[in-house]
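Below is one structure, written out as structure tokens; the observations come after it.
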Amino acid sequence: MKIKIISIICLLMAILIYSCQSDDQITFARYYSIGSVIYQNKCQNCHGKDGQGLSALMPALTDSVYLKANKATLPCIIKYGLKGKLMIINKKPFEGDMPVMDMAPIEIAEVLTYVTNSFGNKMGIITAQQVGDDLKDCK
Amino acid sequence: MKKLVAAVVIIFTYSACKFNTGQTALPIYGNRTPVTKTVDGKNVTDTAYQTIPGFKTVNQYGDSITNKNLDGNIYVADFFFTTCPSICPVMHRNMLNVYDAFKAEKDVKIISYSIDPKHDSVAILKKYADKLGVTGNTWWLLQGKKEDIYKLSESYLVTKPQEDAKQLFIHDGYFILVDKQKRIRGTYDGTQPGQVNNLIADIKTLKAEPDQITGK
């Protein structure tokens with residue numbers, strides 16, 4: 001009996017919390033969780049489980065200042081890759097190749113939402129709409 | 001009769017225990033063949049184990065490296081290429097742990113054979129080593145003839161690399177532990193940090209074996 005009451009209360013609370021979440025939060029949570037799976041499959045080998053990178057071969061994804069400053073070009077990096085472009089990440093120079101990732105704007109948005117809100121970064125959601133716009137300006 | 005059974009049981013239990021204490025030694029992999037030699041006028045049958053055959057390569061410093069340069073060393077081998085987008089970064093992230101654990105010891109080495117020797121020249125291997133943070137002579141990155149390296153991979157009991165349509169090389173990410181007698185003593189999935197920890201523990205076990213201390 002007691003268990004029943006407790007579980008009903010829990011259920012009600014869960015529904016309450018869920019419905020009180022704004023739509024934005026729900027979208028964010030969905031982007032973030034799908035993004036984490038994409039990250040594991042397509043990025044983790046190089047950039048590491050905790051975004052720690054690999055010595056001077058693969059840059060870390062923990063440089064919040066870099067990520068913020070280059071927010072609009074991140075979709076281009078993923079879609080078109082990088083070839084020996086010099087970049088300073090966590091005060092260290094990197095000059096490697098990142099392969100072209102054939103990904104849809106929505107997937108790019110999801111993985112970037114994951115990256116820019118993990119490993120100590122906190123930049124909020126990056127939407128598919130934003131990614132689509134940014135991709136038009138890729139050089 | 002009962003006594004006999006008891007005796008058998010005791011002998012079995014004893015030998016089982018004996019066997020257990022032997023587990024501090026690592027297994028020996030590969031084919032084995034009996035060889036009969038004459039010692040002090042008597043015929044003695046011994047076991048010959050599969051060993052890693054000779055090879056000719058160049059390391060990241062441009063020094064010529066053959067199997068002779070590994071005499072007196074326990075070593076870990078793997079196959080990779082510098083532009084590998086898939087498992088190699090993970091393998092070498094994990095191999096760095098092996099490197100850090102043994103770089104101060106003179107008789108442990110790591111060798112990574114490039115399976116893309118056309119691209120991975122000495123200069124490229126040196127740059128890769130520098131970026132990885134590898135110095136000194138503990139970890140060699142080796143360039144050799146492609147056919148030789150592919151053939152050699154079979155002796156290390158790993159799958160022969162293949163090339164797919166995009167000219168990417170498909171290979172598996174094993175780390176192979178080889179003892180001072182050039183026998184294979186363990187294989188580990190280099191993409192799994194847990195297995196690489198086992199490798200580090202096994203190298204310590206191996207170093208303590210009498211055969212490895214004498215190196216004969």
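Each chain gets a letter, A, B and so on, in the order its sequence line appears, and its residues count up from 1.
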**Prompt:** Counting only heavy atoms not in Lys127(B), do more than 12 fall under 6.0 Å of its NZ?
**Reply:** no

**Request:** Could you pull out all residues at least two apart from Arg185(B) that satisfy salt bridge (Lys or Arg N to Asp or Glu O under 4.0 Å)?
**Result:** Asp179(B), Glu209(B)

**Item:** Tyr174(B) OH: over 12 foreign heavy atoms closer than 6.0 Å
**Value:** no

**Request:** Can you check whether anything in residues 38-45 of chain A gets within less than 4.5 Å of chain B, heavy-atom wise, and list it by number?
**Result:** Gln44(A), Asn45(A)

**Asked** What is the minimum heavy-atom distance between Cys46(A) and Pro85(B), and which atoms define it?
**Response** SG-O, 3.8 Å

**Request:** Residue by residue, scan residues 127-139 of chain A and write down, ordered by number, those that have a heavy-atom distance under 4.5 Å to chain B; if none do, write 'none'.
**Result:** none

**Prompt:** Do any of residues 50-69 of chain A come closer than 4.5 Å to chain B, heavy atom to heavy atom, and if so which ones, in number order?
**Reply:** Gln52(A), Gly53(A), Leu54(A), Ser55(A), Ala56(A), Leu57(A), Met58(A)

**Message:** With a sphere of 6.0 Å drawn around CG of Asp102(A), does it hold more than 12 non-hydrogen atoms of other residues, nucleotides or ligands?
**Reply:** no

